[in-house]
Amino acid sequence: MIIAAYLAGSISSAVLVCKLRGLPDPRTNGSGNPGATNVLRIGGVSSAALVLFFDMLKGALPSYFGYKMGLDAASLGFIAVSACLGHIFPIFFGFKGGKGVATAFGAMAPIGGDLALCLILTWIVFLLLTRYSSVAAMATATLAPFFTWWLDERFILPVAMLSTLILIRHKDNIGRLRHGEESKVTRKKTIKKTNTK
């Protein structure tokens, strides 16, 4: 299950969606991060939504199958982290991937709809308040173990493992935030050409 989760995570949704839609490679455009936020910058809302969905699915499916197999919480944590590591270091894409946020949240989602709702609402609130995707991700990751303790404390360990991984992956973002160099979330703008006489 750990190997299968890593291989599933290694499928880069951002790169594939951009190729299918004729968009620039997210690894060399925008922030250079092959994730939903960067695809939003270079390809718009619909492309970013597709990437977000498939990135979350990469984390959700291995975790769900592991749960249905009756694996213990620690094993589920290792499986979920493996899916995230596949996203971060994808074997199919030269080991250069994203930050694993959507995949991590997707891995947490099968715990319950109430937890998934808490994570989504927290991310949206912090994104709207700050306009920084990194801040929204870190705030949600920090609060996720507390939500889990409140809703289903059996899964605190795997959620804490995923949250720690997310925070570690954002160390560069923390540095840019401190120096005021972090990019805010903006949608792709369509430039209309006008004819002048």
Side-chain angles (χ1 to χ4, degrees), residues 1-44 46-69 71-111 115-116 119-120 123 133-134 136-138 140-141 144 155 157-173:
M1 284 300 298
I2 287 175
I3 295 172
Y6 171 77
L7 294 175
S10 291
I11 302 171
S12 180
S13 307
V15 174
L16 295 178
V17 167
C18 286
K19 280 187 177 180
L20 288 173
R21 294 203 154 192
L23 298 170
D25 191 326
R27 296 169 296 183
T28 54
N29 289 271
S31 67
N33 180 56
T37 302
N38 194 33
V39 173
L40 176 64
R41 294 188 182 102
I42 64 178
S46 62
S47 296
L50 282 174
V51 173
L52 182 65
F53 172 76
F54 286 115
D55 279 353
M56 292 183 70
L57 196 64
K58 294 190 303 186
L61 287 180
S63 297
Y64 177 75
F65 287 137
Y67 172 76
K68 297 300 287 185
M69 290 169 61
L71 299 179
D72 60 90
S75 297
L76 291 175
F78 286 120
I79 290 169
V81 168
S82 295
C84 292
L85 290 176
H87 180 86
I88 296 167
F89 305 109
I91 192 172
F92 306 127
F93 294 88
F95 299 99
K96 295 179 181 179
K99 296 192 181 299
V101 176
T103 304
F105 290 161
M108 297 179 195
I111 292 175
L115 176 61
L119 296 176
I120 292 170
W123 187 84
S133 177
S134 57
M138 288 187 288
T140 306
F155 300 103
L157 178 59
V159 169
M161 293 168 68
L162 289 168
S163 295
T164 301
L165 180 62
I166 291 173
L167 293 174
I168 291 172
R169 283 292 291 166
H170 281 79
K171 60 181 179 64
D172 292 337
N173 300 84

Check: Going by atom types alone, do S12 and R27 pair a side-chain donor with an acceptor below 3.5 Å?
Finding: no
Note to self: Using every non-hydrogen atom in the two residues, find where F155 and L76 come nearest and quote the distance to one decimal.
What the structure shows: CE2-CD1, 3.7 Å
Notebook entry, point to check: Which distance, rounded to the nearest 0.5 Å, do you find between the CE of M108 and the OG of S163?
Noted result: 4.0 Å
Item checked: I120 side, atom CD1; L115 side, atom CG - distance, nearest 0.5 Å -> 9.5 Å
Check: Given side chains that start at C-beta, do those of L57 and S13 come closer than 4.5 Å, heavy atoms only?
Finding: no
Margin query: What I'd like to find out is whether the side chain of I79 reaches to under 4.5 Å of the side chain of F65, using heavy atoms alone.
Written below: no
Next item on the list: For residues S133 and T37, report the shortest heavy-atom separation together with the two atoms involved.
Entry: OG-OG1, 3.0 Å
Next item on the list: Provide the closest heavy-atom pair for G97 versus P90 in the form atom of the first, atom of the second, distance.
Entry: N-CD, 3.4 Å
Check: Got M138 and L167 here, is their nearest side-chain heavy-atom distance under 4.5 Å?
Finding: yes
Check: Can you find a pair of side-chain heavy atoms, one from F78 and one from L71, that are under 4.5 Å apart?
Finding: no
Margin query: Restricting to salt bridge (charged side-chain N to carboxylate O under 4.0 Å, His left out), what partner residues turn up for R169, sequence neighbours left out?
Written below: none
Next item on the list: Could you walk me through whether L23 and S47 pass side chain to side chain contact (heavy atoms under 4.5 Å, CB included), step by step?
Entry: CA-CA 9 Å; L23 298 170; S47 296; 3.5 Å; yes
Check: Would you find more than 12 non-hydrogen atoms of other residues, nucleotides or ligands less than 6.0 Å from Y67 atom OH?
Finding: no
Check: Looking at side-chain heavy atoms only, is the closest gap between K99 and S134 below 4.5 Å?
Finding: no
Notebook entry, point to check: Does any non-hydrogen side-chain atom of F105 lie less than 4.5 Å from one of I166?
Noted result: yes
Notebook entry, point to check: Say you draw a straight line from CG of L162 to OG of S63; how long is it, rounded to the nearest 0.5 Å?
Noted result: 7.0 Å
Check: How many angstroms lie between CG in L50 and CZ in R21, if you round to the nearest 0.5 Å?
Finding: 5.0 Å
Margin query: To check you understand the geometry: which heavy-atom pair defines the closest contact between P24 and N29, and what is its length?
Written below: CB-ND2, 3.3 Å
Item checked: Heavy-atom side-chain proximity of S10 to F95 below 4.5 angstrom -> no
Note to self: Please find the pair of heavy atoms, one from K58 and one from G9, that lie closest to each other, and give the distance.
What the structure shows: NZ-O, 3.1 Å
Notebook entry, point to check: What pair of heavy atoms forms the shortest contact from G32 to N38, and how long is it?
Noted result: N-ND2, 3.5 Å
